Amino acid sequence: MWSRPLGQHAISDEQLNLESETGATEEGVPLAFNRPPVERLEPWVGRSIVAVAHAPADITLHGLLCNDASYLRSAVDVDWSVETADGMLAIRDETFLCGQHSKAMPLGYCGGIKVAGLMLRPGALHTLFGLEEAGMVDRIRGIAAAGIPDEEVTGLYSPDIAPQQWLERIEDWLSTRIAVIDPPPPDPLSQAFELQAFADPNKSIHEFAEAHDISVRTLERMTKRDFGLKPKQVMRRARILDLAAQLCGVADEQEEDILLRFFDDAHLIREFRAFFGMTPGVFKRNRSGLLTLSLEIRQARRLEMLEKIEPGAVRPWMRRAFHPAPEG
């Protein structure tokens, strides 16, 4: 945990261009270097991510975080303060496990962004770390809660390595852990439901259950176990995050049906407020750079899973493929 106060000057993270080592939008908003995990992690991990961006140490940036997956994250050299379901949590130089979100988390961070980690597939938080998804919704726990000494993972970082090397060390660490504990892969049904949320979050829950020859009650038990939420909550979140990605400029503009997923403007605004505490218009005018980074990761993975782009291809919101900065 961090011991010094956040910087005295507090501003929105859209008001300051951070110096990013892992890519940025055309407007200068930092992005993460993100890609599919190494093959040996694919049953449990959906995405591998590292983001490094520098900012003055005396300035506190404010943003939002909202994920539809659980994460393993290591954060170093930066002070974070996050509003979780358990109250305000302060983090520095620590590896932690993040549950899925039912709504956006406000956070402040000082010194920029320096975080690497793995996006977990639905159910993998339990099979790999023994934590229940339902109990982790909107919560963060230090990795010690899973019986793993923090230094074992946080210590993989060193300031003399490139961001992608840091990420590879974390992947190697989890590969070794999997070889030792030999966990079962997550339920294929939960993976199919996640894919359905990516493809068409307006699909009827009853239709999905019938197509997979299960009862709605069985589907509800599965989503509570592997997502921590009810099936309709998962679908509502998918609709909102797709819309938020469009508003942040990290979505495929060819997907013109995003707004048509809502009955009318009142429905759209009501759903958006439930997740972000503001209207879409206010959200767009005050976009969170950190949330843009997070949504870009999700959208890249989503389009690859839907086979709309190839891994490593130029994404629709990018003019050219991103390559990490050379070593040295």
Side-chain angles (χ1 to χ4, degrees), residues 34-49 66-73 97-102 117-137 171 174-175 177-179 181-242 245 252 255 294-311:
N34 67 95
R35 57 163 171 73
V38 293
E39 185 176 357
R40 59 189 180 275
L41 292 181
E42 285 182 351
W44 300 274
V45 176
R47 204 78 179 165
S48 297
I49 302 112
C66 190
N67 294 319
D68 60 351
S70 295
Y71 271 83
L72 165 75
R73 287 187 171 111
L97 296 161
C98 306
Q100 297 198 26
H101 290 160
S102 68
L118 306 173
M119 176 194 288
L120 304 178
R121 292 187 183 276
L125 183 66
H126 176 69
T127 59
L128 294 179
F129 300 106
L131 299 180
E132 301 296 335
E133 293 278 5
M136 285 292 291
V137 171
E171 288 182 314
L174 185 57
S175 296
R177 176 174 173 79
I178 287 172
I181 66 175
D182 191 24
D187 188 341
L189 182 63
S190 66
Q191 314 311 303
F193 191 69
E194 180 187 47
L195 184 61
Q196 182 60 64
F198 283 160
D200 179 12
N202 274 25
K203 188 177 182 70
S204 163
I205 301 303
H206 293 272
E207 285 183 274
F208 180 89
E210 183 176 350
H212 289 81
D213 195 27
I214 59 172
S215 68
V216 171
R217 180 59 184 150
T218 296
L219 176 60
E220 290 173 342
R221 285 196 297 266
M222 180 277 293
T223 59
K224 190 69 172 178
R225 181 195 67 204
D226 292 346
F227 294 81
L229 302 170
K230 296 178 180 178
K232 289 184 179 180
Q233 288 179 291
V234 174
M235 293 299 198
R236 289 174 59 206
R237 182 180 62 187
R239 288 196 295 267
I240 290 300
L241 293 184
D242 283 340
D252 184 356
E255 293 188 307
S294 181
L295 291 172
E296 199 270 344
I297 294 167
R298 177 185 182 272
Q299 288 300 100
R301 177 172 180 252
R302 174 177 172 270
L303 293 183
E304 289 176 16
M305 288 182 65
L306 296 177
E307 298 183 344
K308 293 188 176 184
I309 61 172
E310 293 290 331

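Everything numeric in this text was worked out from a predicted model, so none of it was measured.
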* Which atom names give the shortest non-hydrogen contact between Met136 and Leu97, and what distance separates them? -> CE-O, 3.3 Å

* To do: Compare every heavy atom of Leu128 with every heavy atom of Ile181, then report the nearest pair and how far apart it is.
  => CD1-O, 3.8 Å

* Got Glu171 and Val45 here, is their nearest side-chain heavy-atom distance under 4.5 Å? -> no

* To do: Could you tell me whether the side chain of Arg121 and the main chain of Gln191 form a donor-acceptor pair under 3.5 Å?
  => no

* Asked: Is the shortest side-chain N to carboxylate O distance from Arg217 to Glu220 below 4.0 Å?
  -> yes

* Asked: What pair of heavy atoms forms the shortest contact from Cys98 to Arg73, and how long is it?
  -> SG-NH1, 3.3 Å

* Asked: For the atom pair CZ (Arg237) and CG (Asp68), what is the distance rounded to the nearest 0.5 Å?
  -> 5.0 Å

* **Closest non-hydrogen atom pair, His212 against Ala192** => NE2-CB, 3.7 Å

* To do: Look at atom NZ of Lys203 and say whether more than 12 heavy atoms of other residues, nucleotides or ligands are closer to it than 6.0 Å.
  => yes

* To do: Would you confirm whether Gln299, through its side chain, and Ala245, through its main-chain N or O, come within 3.5 Å as a donor-acceptor pair?
  => no

* Asked: Should we say atom CD of Glu210 is surrounded by more than 12 heavy atoms from elsewhere, each under 6.0 Å from it?
  -> no

* Structure fact -> dist Leu189:CG -> Ile214:CD1 (nearest 0.5 Å) comes out at 4.5 Å

* **Salt bridge Asp252-Lys308, side-chain N to carboxylate O under 4.0 Å** => no

* **Expected output: side-chain Glu42 to main-chain Gly46 donor-acceptor under 3.5 Å** => no

* Structure fact -> CG of Leu306 to CG of Leu195, rounded to nearest 0.5 Å, is 6.0 Å

* Do Leu229 and Ser102 have side-chain heavy atoms sitting under 4.5 Å apart? -> yes

* Asked: When rounded to the nearest 0.5 angstrom, what distance separates CG in Asn202 from CD in Glu207?
  -> 10.5 Å

* Structure fact -> Between the CG atom in Leu241 and the CZ atom in Arg236, the distance rounded to the nearest 0.5 Å is 12.0 Å

* Under 3.5 Å: donor-acceptor pair, side chain of Trp44, backbone of Gly123 -> no

* Asked: Rounded to the nearest 0.5 Å, how far does CD of Gln233 lie from NZ of Lys224?
  -> 7.0 Å

* Asked: Taking the side chain from Arg47 and the backbone from Met119, do they hold a donor-acceptor pair closer than 3.5 Å?
  -> no

* Kindly say whether Lys230 contributes a backbone atom to a donor-acceptor pair with the side chain of Thr223 at under 3.5 angstrom? => no

* Please answer whether the main-chain N or O of Asn67 pairs with a side-chain N or O of His101 as donor and acceptor at a distance below 3.5 Å. => yes

* **Smallest separation among heavy atoms of Pro43 and Pro186, with atom names** => O-CD, 3.1 Å

* Identify the two heavy atoms, one from Ala197 and one from Ala238, that lie closest to each other, and give their separation to 0.1 Å. => O-CB, 3.6 Å

* **pair Ile49-Tyr71: side-chain heavy atoms closer than 4.5 Å** => yes

